[in-house]
2 protein chains.
Amino acid sequence: MQSRTPAPRATGRPRSAAADAAILAATRAALVELGWSRLTLGDVATRAGVAKTTLYRRWAGKHELVVDAVAELFDELRVPDRGSLAADIEGVVLQFAAILARPEARNGLMGVVAEAARDDALRERIRGSIVERQKRLVVEGRARAQARGELPPEEDPRTAARTVDLIFDMVAGAVVHRCLVSSQPADADWAGSLTRVLLLGITGAAQNPAGSV
Amino acid sequence: MQSRTPAPRATGRPRSAAADAAILAATRAALVELGWSRLTLGDVATRAGVAKTTLYRRWAGKHELVVDAVAELFDELRVPDRGSLAADIEGVVLQFAAILARPEARNGLMGVVAEAARDDALRERIRGSIVERQKRLVVEGRARAQARGELPPEEDPRTAARTVDLIFDMVAGAVVHRCLVSSQPADADWAGSLTRVLLLGITGAAQNPAGSV
DNA sequence: CGCTTTCGCTACGGGTCGTAGCGTAACTGT
DNA sequence: ACAGTTACGCTACGACCCGTAGCGAAAGCG
């Protein structure tokens, strides 16, 4: 999750953990004020009260820094057990929407995703520190729904994995598209409508498995 | 759709239309090779065989130029009348996925969306030249389904508009998220699964309108 | 107290930005 | 044919940011 943890040796002066936190916070502040393209590492260093060289010793460049800074915003994501699959979906959607309502997330996330289209290592970093953490919510919610009997217990592991991937892309994609492209609020009404369509689609497809879903 | 069409006066030397096409094509080529952040206007001008100053006379900056260059990729989007709502949805999904499979679209689209989070004018430009054109596909497909009797004819115009917005964000969001974040192919199998869930959700919600969907 | 690593600071070459200035090219109206 | 108007190509420029190197000082450890 951190820069790269270069096998911390027992000797020598240790790296300042406070500097890491200050740099990531300064990065988010700069994202709010300047956006992605105008954000500069020299400015981040000044905001954090840190020399520019220190920043380059910990992160390879702008991309990796912003990924780590944005990833911390998703730490608060939890799966709320509200008793029903519908309530759980709606809760996750609203949590995700609340994060995307913050300007530092809006400005930073798309920027790193744009660069990840050409950078395999960056894409893997995003997957590990942001995407996989989100996908686990879908896995957990699905497991709980199966325990409640709202969904059939388990299928072929391969089709189950594809179903999780599909639901994840639908939920996360819809929220991101709503917030960042359509630029309209993902409020409770909208989350309810999304949940209704999604739930009918999932349970209906599960009850009528004429194919793989 | 063009730069800004500054009220073309009848006098003086006219702007070269060939230069516009060359610049936009060069922009797409640069997006493929360099990605979003490494793309430079000087490089685009050289590729297009055009002076850098000419480029600045037509576009205010990198953002607007890339929006216009990417927007042309969506010109080919059509609604295929395949006889059923399911087939129409699947066709649109596959068309959209085909565009997002091109590297110039992958590299450019997220970059401009990231900047649009802070730039109202840019966001409006994207909406007019890209997003609205996509949303019309949803409107058309819905109208055809209503004509076939697959969907109830018409509701309150306000809830109808919200339904269109929701479906649009779900479809476009899922395809974008699948291609650019999960970075997995949106092939026929995946499109079929997405269509199945979506269709069940839409028709089910329409038949059981306990709320607004 | 030596050893090691980090830190802050300064300085640097290289690249991009966006603009200004100038002479030339293209097209229009009389 | 000629003057008027606009677009074009080219060069040059200051400003900014990048990423790195070198230095002395600070902060840990044995």
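Reminder, nothing fancy here: chain letters follow the sequence lines and each chain counts from 1.
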Rounded to whole Å, CG of L65(A) lies from P of dG19(D) at a distance of 12 Å
Atom-to-atom span, CH2 of W59(B) to P of dG18(C) - whole angstrom
15 Å
Between dC18(D) atom C1' and H63(A) atom NE2, what is the distance in whole Å?
12 Å
Nearest whole angstrom, please: distance from the P of dG15(C) to the CG of L41(B).
17 Å
Is the shortest distance from a Lys or Arg side-chain nitrogen in D119(A) or R123(A) to a carboxylate oxygen in the other one below 4.0 Å?
no
Has the side chain of K52(B) got a donor or acceptor atom sitting under 3.5 Å from an opposite partner on the base of dG18(C)?
yes
Nearest heavy atom decides the nucleotide; on that basis, is D43(B) or A19(A) closer to the 5' end of DNA chain C?
A19(A)
Check ion pair R162(A)-D165(A) (N to O, under 4.0 angstrom)
no
Does R15(A) get its side chain close enough to the base of dG28(D), under 3.5 Å, for a donor-acceptor pair?
no
Base, sugar-phosphate alone, or nothing: which one does S16(A) contact when heavy atoms must sit under 4.0 Å apart?
sugar-phosphate
Choose from dC9(C), dC8(D), dT19(C) the nucleotide whose nearest atom is closest to any side-chain atom of Y56(B).
dT19(C)
Looking only at heavy atoms, the pair that brings E76(A) and I99(A) closest together is OE2-CG1, 3.9 Å
Look at the side chain of T53(A) against the base of dC7(C) and say whether a donor-acceptor pair falls under 3.5 Å; ignore hydrogens and angles.
no
Strictly below 4.0 Å, N to O, side chains only: are R28(A) and E72(A) in salt-bridge contact?
yes
Just the rounded figure in Å: distance from C1' of dC18(D) to CZ of R38(B).
12 Å
Would you mind reading off the distance between R58(A) atom CZ and dG19(D) atom P, rounded to a whole angstrom?
18 Å
Does any N or O donor sit under 3.5 Å from an N or O acceptor when you compare the side chain of R13(B) with the base of dG4(D)?
no
Side-chain donor or acceptor of T40(A) under 3.5 Å from a matching atom on the base of dC18(D)?
no
If the cut-off is 4.0 Å, is T11(B) near the phosphate of dC27(C), judged by side-chain N/O to OP1 or OP2?
no
Here the distance between atom P of dC18(D) and atom NZ of K62(A), to the nearest Å, is 7 Å
For residues R127(B) and S183(A), is any side-chain donor paired with an opposing acceptor at under 3.5 Å?
yes
Atom-to-atom span, CG of L55(B) to P of dC17(C) - whole angstrom
10 Å
